[in-house]
Amino acid sequence: MPSKMKITHAFSKTLAAIVLLTVSPQAHAADLSGGGYHAVQVDAGLVKGLGDGTYGQLGTTPAGAPATLTGLSGITNVAAGGFSTLALKSDGTVWFLGETTIQHTTAHGTPNPVSTPVQVAGLSGIDVIAAGHRHFLALDTDTGNLYAWGHNGSGQIGNGSLLDVVTPTVVLTGVAAMDAGDGFSLAVKSDHTLWAWGRNTHGQLGLGDTTDRLSPTQITGVTAADAVAAGGQHALILLTDDTVLATGNNTFGQLGLGTTTSTSTPTAVPGLSGITTVSAGYFHSASIGSTNQVSLWGRNFEGQCGGGNSSAVNYT
């Protein structure tokens, strides 16, 4: 558990249409990740990146042109945050570049850009990583321990406070899958229950209200979760029957419900079945089906949903 992949979310911003593509079944979601203004990819144990490197998230790589990040090798998984990059090595250690929330000496301190990869202290045996806008998650699937650290202004760390956390802290156990969004976190336990915490302004936690949570809270009514994708202000939930639920902000149709009405209750996305992978951007969404077909929907002003245009078309 889970047998399905989940594409790491991207903080790109676009109303989305359905666009059909095909992807190689050999492509692994963990190999590629899009952040706020940059993207990174694993290539034979090295990391290639392009985009904005203002905060050191691309190391010393010049912004714009794709290039290999120095100081990283043996990498199996990458996660791009708002202004940062996490990299997971084959030995289970986690490495960091970018806007260093993890090195704040005081809560909400001034960012200290890091352009040379540094190991995240206190983490070993990690199998999965996720980067939110300014907070981070790491999962040891052998123990089920979920660690969190970084910015905590909305309770996204899940330790019951609003102070930034500089050292990875176990916030939930029995976890099998997770993801980090913009100021909120989601986790699926091995019993397929779904848990959420952090910012909930748009109902993205799926708890039936818009109240933030400072600690992991179970989403009642969802008992067959298999994977999750946390976006900017919405979430997608992949179920064990290969269908998808969505909750949160729907201003641009990113929930795929055929409307632009937001919801704080996980709601079935019509027309999606046989899904193996889900991904949530800031205002758009994507899924991959069992035939390796890609569907995209939500905000499309910048053309991020493809189709050769920027029309705002909802998934139906």
Side-chain angles (χ1 to χ4, degrees), residues 1-35 39-43 77-80 128 130 177 179 181 186 188 192 194 222 224-232 234-250 252-260 266-316:
M1 152 79 192
S3 59
K4 305 174 181 68
M5 291 192 302
K6 179 196 68 60
I7 294 177
T8 303
H9 70 272
F11 280 107
S12 53
K13 303 174 181 179
T14 346
L15 212 300
I18 184 168
V19 177
L20 305 181
L21 308 168
T22 57
V23 296
S24 166
Q26 283 75 44
H28 295 289
D31 294 346
L32 177 67
S33 182
V40 286
Q41 176 188 14
V42 178
D43 184 4
N77 191 342
V78 286
V128 186
D179 200 13
L186 301 172
V188 177
H192 298 286
L194 182 62
V222 179
D226 206 31
V228 287
H234 74 294
L236 303 177
I237 304 147
L238 181 58
L239 301 179
T240 55
D241 65 359
D242 303 337
T243 61
V244 179
L245 304 178
T247 187
N249 188 2
N250 196 32
F252 300 100
Q254 60 264 47
L255 298 188
L257 305 179
T259 72
T260 55
T267 304
V269 180
L272 286 184
S273 61
I275 301 303
T276 61
T277 306
V278 289
S279 178
Y282 208 91
F283 292 123
H284 69 294
S285 304
S287 69
I288 299 177
S290 57
T291 59
N292 300 317
Q293 179 174 285
V294 178
S295 302
L296 302 103
W297 62 98
R299 178 179 164 117
N300 194 35
F301 294 168
E302 293 79 28
Q304 55 264 60
C305 290
N309 59 62
S310 58
S311 300
V313 182
N314 295 326
Y315 175 87
T316 55

Rounded to the nearest 0.5 Å, how far does CG of Leu194 lie from CD1 of Ile237? 5.0 Å
Quick check: do Leu238 and Val244 have side-chain heavy atoms less than 4.5 Å from each other? yes
Check: Ser287 main-chain N/O paired with Ser295 side-chain donor or acceptor under 3.5 Å: no
Ignoring hydrogens and angles, state whether a donor on the side chain of Thr240 or His192 is under 3.5 Å from an acceptor on the partner side chain. no
From Asp43 CG over to Leu32 CG, what is the distance, rounded to the nearest 0.5 angstrom? 11.5 Å
Locate the shortest heavy-atom distance separating Asn77 from Val42; write the atom from each residue and the value. N-CG2, 4.0 Å
Value rounded to 0.5 Å, distance of OG1 in Thr247 from CG in Leu255: 7.0 Å
Hey, are the side chains of Asp242 and Ser273 touching, using non-hydrogen atoms and a 4.5 Å cut-off? no
Taking every non-hydrogen atom, the tightest pair across Ala227 and Ala177: CA-CB, 4.5 Å
If I compare all heavy atoms of Asn249 with all of His234, which pair ends up nearest, and what's the gap? O-CB, 3.7 Å
Write down the atom of Ser33, the atom of Ala80, and the distance for their closest heavy-atom approach. OG-N, 2.9 Å
Sidechain-backbone polar pair: Gln254 side chain, Phe252 backbone, donor-acceptor under 3.5 Å: yes
Is the backbone of Ile288 close enough, under 3.5 Å, to the side chain of Thr276 for a donor and an acceptor to pair up by distance? yes
Which heavy-atom pair separates Leu236 from Ala286 by the least distance, and what is that distance? CD1-O, 4.2 Å
Taking every non-hydrogen atom, the tightest pair across Leu239 and Val222: CD2-CG1, 4.4 Å
